[in-house]
Colleague: 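Have a look at this one.
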Amino acid sequence: MGGHALLILLSVASLALLPGATPLQPSQAWSLFKLRQLLGDPPVLGTWHNYTDFCYGGDYKTASAFVECYEDSVTQLHIMGDPGAGARPLPATFSIDAFFTTLSRLPDLKVLTLTNLGLWGPLPGKISRLQKLEIVNVSSNYLYGELPRGLSQLGSLQTLVADHNMLGGKLPGWLKDMPLLAVLSLRNNMLQGTLPESLKDMLSLRSLVLASNNLSGNLPDLKNLQVIDMANNALGPKFPRLGRKVASVVLAGNKFSDGLPADMLASCYLLERLDVSGNRFVGPFPAALLSLPSMEYLSIAGNRFTGRLSGNASCGENLRFVDLSSNLLTGSLPGCLLAAPGKSVLFSANCLSTAGDDSQSQHPSPFCRNQALAVGIVPEQGHKKSGAKAGVVAGIVLVGALVVSAAVVFVVRKASAPKARPARRLVENASSAYPSNLLADARYISQTVKLGALGIPAYRSFSLVELEAATDNFQVSSLMGQDAHGQMYRGRLSNGTPVTIRSLKVNKSQSFTRHIEMISKLRHRHLVSALGHCFQYNLDDSTVTHLYLVFEYVHNGNLRGRISQGTEGRRLSWGQRISTAIGVAKGIQFLHGGIIPGLFANNLKITNILMDQNQVPKIGSYNIPILSETMKSEGGAGSKYPPDRICRVPNGDKIDMYDFGVILLEVISGRPISSIYEVEMMKEQLQSALTAQGPSKRSNLVDPAVSKGCSDDSMRTVMEVCLGCLAKEPTQRPSVEDVLWNLQFAAQVQDGSRRSSEESPLSPSQPHAQSAHDSPTHR
């Protein structure tokens, strides 16, 4: 074992010899291989070998197992077993305590996915050692016992998903001590008892999924939530109090009774999904639910709703599925449900007049005429509660401190159910008011979060009152500028956070779901990140009239102000310039591949690269499709590409690489560039400098303010990258990954040159270029 560990450490250390690589810390590489061993060398980790470069070698990565790093430390770990195979529990020799002890040796871990791996045992409290965790998904394992109190010490945790396990006990009240928790999903476990009243104090919580447990009693106040799934429990009888921003409510298969609160639900303009089927509701059905503007899915099947439907009732334009089956409704089905292609409408087992349509039979006429339903005769239930697990029998025999053999017997995790509801994906990222396809599961979020903590507030919906207060009611003194897309305001939130607010006047016919989905993902260390959005409504017809987009405010000037227009003492050194270029390239890489779909042809300019107070570069303007769509709706020219193709511009990635080459040209030369003529002229000078013998001609092309501190190899590498990006044929330009690799190599060469200069007692004193590792950009 010792020789094997030594081989791993030596192989990881050897990666330091590769140009441009920042090898993973040997101790962390050892920990990854130890985790593989503790999991019994599962097939999903078959690509992990002794010489695997976890941080920069892409060969080992699969969709089911990969690692993400920041510099030389692991920030994300994803291991996902085959969900179709149904992982069996790991052997009795497995120790979940030892497993999490090993995990704690990855101190910078922010995103953790361990699904379908057969993990068993109580979730250890030592998970609290992973202080930087933001997203945890341990679904589809055999974890049991109560949630450990140690979770409350994870102050950065935003998402906790532990679906399809055997976690028991009550939902703990100390969850309120987790200030950033936005998504909590414990679907299909063995939780019991009532929910704590302290849930109403969790102001950051947006998505709560506790379906298929053994919960009972009334729900607490849920006004802060936007996604609620409590299906298949024994909750009730009172309907919970909801907020106006709620988007999805699933309460099917419980014990709710009395009537639906019509007035409260009628004000939920963002409600897309309501499922209260299989309960004991009585009283009139609020037909206004059909006309809610965002409603897509409505099911009241298997209750005792009464009331007379009108054929003239209206329906919302987004309504796609309606199930009114097995109630006591009379009158006629609304015409908007009958004459609408693409809608699925179920209405059998009521007392409706079907106008000769026998495809969905109604109760017999005598039954309806005598109003026998008023005394509680319940029609056949169309939806029954699907069972949770029938039971689990676990026997673990441990003899003394030395375990020779142990037996763990898990008996049938899931009971048979008359009609098991198809599992829905957990909706996540619930800080936005639009779930469904926009809000994805924790795995999807973890792929888009990438770098974990960004030091900026969580994305959320803002109220118009908040934005008016932030801008002093949009006073002219707060106006930063105006363009074809709308106005831009500077503001300060109530907690002191400075923000930039873009106001867009929108077309009533526009659909915002896909746009908010895109905008909510624009969060990265090297972007001016989106913080949230706000809709302003027409009070008469509830249509959206204005969309406000809230971004972080970066107030330390732009990159040109630190390069070609920088005053003495403010200009970036050569090492800092390389580091800044690396940051911009990482921002471009995120726009292209860190979100789905990617954003291309972003019209990158050096004046749009903003510098924060730590000299971290941030791309301040990028190709958000809604801007072009809004411009067209106002009669402007917009983009030359239609909004639905803006993410698929031909050679869009190569267009960005050309723009990056222009930025790099100014970074190298220190001269402002304002025309294509200047680009072509300096491109020729670059070609000439690269083919020249000796470094003098190259040094003459570099900004005199930094040329003395440049390593020739570093300078040559950056020039080659720049020239490649400026290639006339788009297909000849490098990928952003190639650019990053070469710039990181240039940074390391420059760093090595600086260190050699510092260590040599004979070298003359000279200004030292700051390396990429010393730069504030790399924290």
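Since the structure is predicted, the reported quantities are computational estimates derived from the model, not experimental observations.
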Colleague: With side chains defined as the heavy atoms from C-beta onward, is the minimum distance between Asn224 and Met202 less than 4.5 Å?
Modeller: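 A side-chain contact is absent here, since even the closest heavy-atom pair is not under 4.5 Å.
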
Colleague: Taking the side chain as every heavy atom from C-beta outward, state whether Ile135 and Val161 have any atom pair closer than 4.5 Å.
Modeller: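 Side chain of Ile135 against side chain of Val161, heavy atoms only: no contact under 4.5 Å found.
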
Colleague: Taking the side chain as every heavy atom from C-beta outward, state whether Arg523 and Phe590 have any pair of such atoms under 4.5 Å apart.
Modeller: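 No, too far: nothing below the 4.5 Å cut-off.
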
Colleague: On a heavy-atom basis, which atom in Leu38 and which in Phe99 lie closest, and how many Å separate them?
Modeller: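 Answer, listing the atom of Leu38 first, then Phe99: CD1-CA, 3.7 Å.
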
Colleague: Run the side chain to side chain contact (heavy atoms under 4.5 Å, CB included) test against Asp201 and tell me which residues pass, sequence neighbours left out.
Modeller: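 Partners of Asp201 under the side chain to side chain contact (heavy atoms under 4.5 Å, CB included) test: Ser198.
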
Colleague: Evaluate the side-chain proximity of Phe33 to Leu35: yes if any heavy-atom separation is below 4.5 Å, no if none is.
Modeller: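 No - every pair of side-chain heavy atoms lies 4.5 Å or more apart.
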
Colleague: For the side-chain contact (heavy atoms from CB on, under 4.5 Å) test, which of Val67, Thr115, Thr62, Thr113 pairs with His78?
Modeller: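 It is Thr113, the one option of Val67, Thr115, Thr62, Thr113 that forms the side-chain contact (heavy atoms from CB on, under 4.5 Å) with His78.
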
Colleague: Which side-chain N or O atoms in residues 122-129 pair as donor and acceptor under 3.5 Å with protein atoms at least two apart or in another chain?
Modeller:
residue: Lys126; atom: NZ; partner: Asp97; partner atom: OD1; Å: 3.3
residue: Lys126; atom: NZ; partner: Asp97; partner atom: OD2; Å: 3.0
residue: Lys126; atom: NZ; partner: Thr101; partner atom: OG1; Å: 2.7
residue: Ser128; atom: OG; partner: Gly125; partner atom: O; Å: 3.1

Colleague: List the atom of Trp30, the atom of Arg105, and the distance in Å for their closest heavy-atom pair.
Modeller: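 Where Trp30 meets Arg105 most closely, the heavy atoms are CZ3-NH1, 3.0 Å.
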
Colleague: List the residues meeting side chain to side chain contact (heavy atoms under 4.5 Å, CB included) with Gln192, not counting sequence neighbours, and say none if there are none.
Modeller: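 Side chain to side chain contact (heavy atoms under 4.5 Å, CB included) check on Gln192 returns Asn214.
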
Colleague: In chain order, what residues pass the ring pair (Phe, Tyr, Trp, His ring centres under 6.0 Å) check against Tyr548, with sequence neighbours excluded?
Modeller: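 Per chain and number, Tyr548 pairs via ring pair (Phe, Tyr, Trp, His ring centres under 6.0 Å) with Phe474.
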
Colleague: Taking the side chain as every heavy atom from C-beta outward, state whether Asn165 and Tyr144 have any atom pair closer than 4.5 Å.
Modeller: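 Side-chain contact under 4.5 Å: no.
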
Colleague: Which residues pass the side-chain hydrogen bond (donor to acceptor under 3.5 Å, both in side chains) test with Thr497, sequence neighbours left out?
Modeller: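 Expected list: Asn495.
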
Colleague: Apply side-chain hydrogen bond (donor to acceptor under 3.5 Å, both in side chains) to the pair Asp108 and Ser73, showing each step before the final yes or no.
Modeller: CA-CA 7 Å; Asp108 294 319; Ser73 190; 2.6 Å; yes

Colleague: If every non-hydrogen atom of Leu154 is compared with every non-hydrogen atom of Gln131, which pair is closest and at what distance?
Modeller: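 It is CD2-CA, 4.1 Å.
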
Colleague: CG/Leu171 to CG/Leu184 distance, rounded to the nearest 0.5 angstrom?
Modeller: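 The CG atom of Leu171 sits 6.0 Å away from the CG atom of Leu184.
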
Colleague: For Glu466, enumerate each residue passing the side-chain hydrogen bond (donor to acceptor under 3.5 Å, both in side chains) test, keeping only those at least two apart in sequence or located in another chain.
Modeller: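 Only Arg460, Ser463 meet the side-chain hydrogen bond (donor to acceptor under 3.5 Å, both in side chains) criterion with Glu466.
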
Colleague: Can you measure from CG (Leu160) to CG (Leu181) and round to the nearest 0.5 angstrom?
Modeller: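 So the CG of Leu160 and the CG of Leu181 are separated by 6.5 Å.
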
